[in-house]
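Note sheet for the following structure.
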Amino acid sequence: MNLNNELAPPAESSGRNEEDILLLKRIGDRDELALTSLYDKYSKILYSLTMRILKSVDDAEGIIHDIFLEVWNKPNDYQSNKGSFFSWLMNMTRNRSLTRKRSRSMHKQSHMAELNSLSFHTETHHGGASSSSLIDEYRDSVLGAINKLNGEEQQVLILAYYEGYSQSEIGRIVNLPIDVIKFRIDDALRTISSQLQRRS
Amino acid sequence: MSSHDEKYSGSCAGYAIGALDGKDLQEFEAHLKEGCASCGSELSILKEASALLPVTIPQLNPSPELKERIEFSARLSQIVRKDIDKTEEEQVEQPDEHPDIKPAVKAKHSAIVMGMLIAMIVMLIGFSVYIYSLFRTLEDQKNAGVGTQALLVKAVEELERKNIILDVFNSRDLKLIQLHGTEFNPDGYGQLIWDPAAQTAVLHVDNLPQAAGGKVYILWVSINRQYLFAQQCSLITEWGAQNYFQIKFAKNIDANDFEEIFATQEFNDKVSYPSEQRYLFYKKVK
Ligand SMILES: [Zn+2]
C-alpha cells in the first residue's frame, strides 16, 4: 500500500507550522515572549506525554524544562524540511522520556504489570481548565481512528509508543512472531494517518 | 504488491515510532540512505500522525512554577551569553590606550555577579537543582579569587556540557551502563550513557566525595583484562559532588566489550594502572 497519493499533511497543520517558525525566528532574536507563547501552546500536551510515560512529576517537569531551554538556546536545531515543529518537539519529548524511563527501570523489569495498564483513553476527556486548540482540533479524529483498531493493534501501538518497546521486545512480551507485530504497528499507524487525512 | 513495498513500506511505521530493530532496522536505514523518495515521504506522514497520538491521553497541566523556572533559566542563560559576547567585543575594541574605560566594565561585571547572587538566592527556593549547583560553585570560586570573566566562561562551558548530554540523549541507539557505589563509597552512583554511533558517552556521577588533596578522579574501563584509561574527571574537585562529563575513547569500542568500569582517585592523569580503592563500579554479568 502506498500512502503518498492518498495522503498529504493536513492543510491546517501547515498554517500552524508557519506560526511556529515565526515564533522560532523571534526566539532566535532573543524575544522572551515568543518562548512564552510556544510554552503556552505546547507545554500541556508535552507534559501529558512525559507524565504518561514516566508517571513522575519531577521527571516530567525536568524534561520539559530542558527541552524548552534547548529550544531557547538552539532554535535552529529544528529543520523545517524534516517535518512540522510540533512533531519534532513531540518526538524529542518522547525520546527523552523513554530514555529516562529505561535508565530508571534497569533494575526492575515488570512487563506483566505494565501489560495490565495498557489501554488508550477512549473516553472524551477535558483535563484542567485551560483548553488547547490543537487537542480540541485532533482529539476526535485520533480517537475515531483508535476505535477502528482492534484490541491487539491498540496494545501493540501502546507498547511501542508509550512503553518504548521495539518490535522484537513486543513479540516476546505478547508471544507472537515479529512479522505479526510489524504488521500490526504498520496497520495501526496507517489507519490513524488515513483518518487524519480524511478529516481535512 | 511490488517487492519494494513488501520489503520497505511495511517498515515505515515501525521506523516512524522507533520500534524497528535488528536486521529490519539496518536494512531500512540503508535503504533510506539510498534516498528512496517514496519511503521518505511515507515516513514523514506517519511521523506526523504518530506525534498526534497523545492528543487522546488525559491532558494534565504542569505546575505554574515550571513556566517560571523555564523563563528564569532562559533569562539566566541569556545574561551569561550576553556578557561573554560583550567582554569579547570590549577586548577587541578597547585596547590599553583607553584605560578610562576599565572601571565602567568592572562595574558592569560586578552588577552581573550581583545578579547571579540574587539568582542563586531565588533558586535556593526551589529552582533547577542543576543551575543552582552551578552558581553555588561559581560563588565558591569567586570567593577563591577566580576572575569574573573566568567564571562566566565556566558557566557557558557548563551549559554547553549540558547540551552535549541532551544531544546524546536524543540519539537513536543508546546503551546505559549503571555504576554502583563501593565499600569505600556506598552512596556513590553513576551512569554511563553510551552512544555507539558517535563513539561518545556521557558520564553522570553523583555522591562522590571530594578527591583527596592533589588527586583527581579517573574513570577506567577494562576490556580483555586490559585497563584503559578513559577519562580524567578532575572537575569533581572544583564543581561539587554531582556532575556530568563527556567521555571520548581513543579507539572504536563496542559497549558490549566493557568488562569493568570504575573510578579511582589518582595523583595525576599519567598513571598507567589504577590504584586499589574504587569509588564507583560496574562489572559485566557473564
Ligand atoms: Zn523505499
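The figures that follow rest on heavy atoms only: side chains count, while hydrogens, waters and symmetry mates do not. Within every chain, numbering begins at 1; the chains are lettered A, B, ... in the order of the sequence lines, protein sequences first and strands thereafter.
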With only heavy atoms counted, which part of A:Ile170 is less than 4.5 Å from chain B, the side chain, the backbone, both or neither? neither
From the list A:Gln167, A:Lys182, A:Met90, the residue making the most non-hydrogen contacts under 4.5 Å with chain B is A:Gln167
Worked check of side chain to side chain contact (heavy atoms under 4.5 Å, CB included) between B:Lys67 and A:Asp40: CA-CA 9 Å; B:Lys67 188 175 181 180; A:Asp40 290 341; 2.8 Å; yes
Separation between CD (A:Gln197) and CD (B:Glu48), nearest 0.5 Å, reads 11.5 Å
In this structure, CG of B:Leu52 is separated from OG of A:Ser84 (nearest 0.5 Å) by 8.0 Å
Smallest separation among heavy atoms of B:Leu66 and A:His65, with atom names: CD1-CB, 4.0 Å
Could you check A:Arg94 against B:Ile17 for side chain to side chain contact (heavy atoms under 4.5 Å, CB included), going step by step and ending with a plain yes or no? CA-CA 10 Å; A:Arg94 178 173 165 256; B:Ile17 58 170; 4.2 Å; yes
Got a second to check how far A:Ile146's CD1 is from B:Leu53's CG, nearest 0.5 Å? 5.5 Å
I need the B:Leu60 CG to A:Ser43 OG distance, nearest 0.5 Å. 11.5 Å
Atom CE of A:Met51 and atom CG of B:Asn61: how far apart are they, to the nearest 0.5 Å? 11.5 Å
Heavy-atom closest pair (A:Leu69 atom, B:Ile70 atom, distance to 0.1 Å) is CD1-O, 4.2 Å
Can you tell me which of B:Gly22, B:Ala13, B:Ser11, B:Pro62 forms the most heavy-atom pairs within a distance under 4.5 Å of chain A? B:Pro62
Answer yes or no: is there a donor N or O on one side and an acceptor on the other, between the side chain of A:Glu32 and the main chain of B:Glu71, under 3.5 Å? no
CA sep, side-chain torsions, deciding dist, call: B:Ile57, A:Tyr162, side chain to side chain contact (heavy atoms under 4.5 Å, CB included): CA-CA 11 Å; B:Ile57 60 179; A:Tyr162 294 112; 3.2 Å; yes
Answer yes or no: is there a donor N or O on one side and an acceptor on the other, between the side chain of A:Tyr161 and the main chain of B:Ser50, under 3.5 Å? yes
As an exercise: rank B:Ala51, B:Ala49, B:Ala16 by heavy-atom pairs under 4.5 Å with chain A and give me the winner. B:Ala51
OG1 on B:Thr56 to CG on A:Asp140, rounded to 0.5 Å: 11.0 Å
Begin from the C-alpha positions of B:Ser63 and A:Glu61 and carry the test side chain to side chain contact (heavy atoms under 4.5 Å, CB included) through to its verdict. CA-CA 8 Å; B:Ser63 69; A:Glu61 293 202 343; 2.9 Å; yes
For B:Ala19 and A:Ala160, the nearest pair of non-hydrogen atoms, with its separation, is CB-CB, 4.1 Å
Does atom CG (A:Asn81) have a neighbourhood of more than 12 heavy atoms from anything else shown, all under 6.0 Å? yes
Would a 4.5 Å heavy-atom cut-off, applied to side chains only, mark A:Arg190 and B:Ser9 as touching? yes
Top contributor to chain B interface from A:Phe68, A:Tyr39, A:Phe183 [non-hydrogen pairs under 4.5 Å]: A:Tyr39
Is A:Leu35 close to chain B through its backbone or its side chain, or both, or neither, when contacts mean heavy atoms under 4.5 Å? side chain
